[in-house]
Amino acid sequence: MNPLELAGAGPGPAFEVTFDGRRIEALPGRTVAAALWAAGVTSWRTTRGGGRPRGVFCGIGVCFDCLVTVNDRPNQRACLVPARPGDVIRSQEGTGRAD
Amino acid sequence: MSEPLTCDVVVVGAGMTGAACALYAARAGLAVTVVDRGPVAGGTTGAGEGNLLVSDKAPGPELELALLSNRLWAQVAQELGRPVEYEAKGGLVVAENPETLDGLRRFADTQRAAGVTADPVPADRLHDLEPRLAPGLAGGVRYPQDAQVMPALAAAHLLRASGARLLTGREVTRVLRTADGAVRGVRTDRGDLHAPAVVNAAGTWGGELAARAGVSLPVLPRRGFVLVTEPLPPRVRHKVYAADYVADVASDSAALQTSPVVEGTAAGPVLIGASRERVGFDRSLSLPAVRALAAGATRLFPFLSGVRALRAYAGFRPYLPDHLPAIGPDPRAPGLFHACGHEGAGIGLATGTGLLIAQALTGGTPELDLTPFRPDRFPRTTKEAEQ
């Protein structure tokens, strides 16, 4: 069942953000992580050492596993940062910064 | 009550100092038990940066201990390999103006005479060493002997290498003594441990443990915050700090002092450390302290203004009134040895302390004169004087 129906939610109109250049829709109030999940994206970072895939783990801002680059700023916690219209979200490799 | 355990020496404290004491005592052939009321590296060890510094020490007993310890650290790191994240990266102390630089250069001259390698770096060469340093600094001094370890890993690996029996989550409630005063073990909340020698490596809580042995040792806490940035590619090569840091380390003031020490880590985050204030065992976050740390670090490395701090942590540096540790046998309680009170230098000084304690435990000649570190060098308390 659609979680919006389960919660009886009536969010405002969806807006667009981009993920690695691809347009995805986000609902107001959703975090970047929620918007990515809703679009079927579950991994958006690779680890610094082994290049392993990472997405949401704790979902509450504690574990720093879900780091992502938003509007050119790396290492944002996707689970905490609200998605805003026009956000440019990019998957992140390693530290997210050029050496 | 559980079955009494017997060994040659009980080390109280599973931090860096206790681990080093266990390692060198075990290598001297002693059967060692390490006991801690918390986990391994649960106190000051887990709240520091892992500085192995000679650069911030004036000639004297502490510098001699630091030089000995740094040599031992290099050996230990070679044996244990990568897991302790040992990096002989060297230190770079910078001065923001010509007056400070004069003071720094004079200080370095005295250190050089005491066996420290200290290379003056003119202003126009600073960026060869640290490309991202702020412009306009007056100059600096490079200290190739300064190094770094990851303290919690180092404590754990030294403990493992020692082969000592490790009892965590077990609090020493009393140091047991015979009728004639000699130490015969410890009482814990889960049974007694019998040994003719006990080492007090309880760090900031070393004064409390001394009291449980019936002697006084005025160890006090000095709170320090460390800021941790998001992981970065290698950007800071040395341990970099402003010359004011040395004055802060030696200071007797209770007020907040924050000269930043900036360093990269093997894991990626940059550590910004060295706030110092005397507020007892208060763990609450001090915004002025971390703000001053951030501001100071950004003054040294402007690129940090675009970097996020992920978290801050605090610890308590154990200090004694004369800012020297207590190392060696306690004549007031035969069989009791102290190895605590290293203030913010305990990781660096741990190896030398461990070796000296092992030498004292086995009746050998200590590598350094222990007189300046005597645990009974402080005035007696009224209570003791009455006894």
Side-chain angles (χ1 to χ4, degrees), chain A residues 17-20 30-37 41-84 86-99, chain B residues 46-47 81-87 89 127-133 148-150 152-153 157 226-238 240 262-272 283 285 287 290 294 297-298 300-314:
Chain A
V17 299
T18 64
F19 173 69
D20 286 345
R30 277 192 174 162
T31 62
V32 166
L36 291 174
W37 265 19
V41 182
T42 53
S43 165
W44 48 81
R45 175 174 85 89
T46 52
T47 57
R48 304 194 291 284
R52 306 273 305 155
R54 288 292 185 273
V56 168
F57 180 66
C58 79
I60 54 172
V62 176
C63 74
F64 289 82
D65 232 15
C66 65
L67 301 177
V68 68
T69 299
V70 182
N71 300 329
D72 290 330
R73 191 159 190 186
N75 295 315
Q76 305 291 298
R77 281 168 284 180
C79 71
L80 293 189
V81 177
R84 296 209 168 78
D87 274 348
V88 179
I89 303 161
R90 285 189 292 115
S91 54
Q92 184 176 317
E93 281 177 33
T95 63
R97 291 167 192 265
D99 283 315
Chain B
R82 288 172 54 91
V84 300
E85 296 184 7
Y86 175 84
E87 285 184 81
K89 54 167 52 174
H127 293 85
D128 297 345
L129 297 173
E130 282 295 340
R132 289 169 195 271
L133 262 180
Q148 176 175 320
V149 290
M150 199 294 194
L153 285 173
H157 283 282
V226 177
L227 267 178
V228 186
T229 74
E230 60 187 294
L232 301 172
R235 297 249 159 119
V236 179
R237 300 174 179 176
H238 302 77
V240 182
V262 183
E263 66 204 293
T265 61
V270 168
L271 300 184
I272 301 163
R283 280 197 181 274
L285 178 74
L287 205 52
V290 293
T298 308
L300 286 178
F301 287 100
F303 82 91
L304 287 172
S305 63
V307 169
R308 294 167 73 87
L310 294 188
R311 62 191 180 95
Y313 57 87

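A, B, ... follow the sequence lines: proteins, then strands. Residue 1 opens every chain. These numbers come from a predicted model, not from an experiment.
Note on residues 49-72 of chain A: pairs passing salt bridge (charged side-chain N to carboxylate O under 4.0 Å, His left out), not counting sequence neighbours, are A:R45-A:D65, A:R54-A:D65, A:D72-A:R90.
In this structure, A:R97 and B:L232 approach most closely via the heavy-atom pair NE-CD2, 3.2 Å.
Atom CZ in A:R77 sits 10.5 Å away from atom CD in B:E230 (nearest 0.5 Å).
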Could you walk me through whether B:R235 and A:T95 pass the side-chain contact (heavy atoms from CB on, under 4.5 Å) test, one step at a time? CA-CA 12 Å; B:R235 297 249 159 119; A:T95 63; over 6 Å; no

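The side chain to side chain donor-acceptor pair (under 3.5 Å) test applied to A:T69 returns A:Q92, not counting sequence neighbours.
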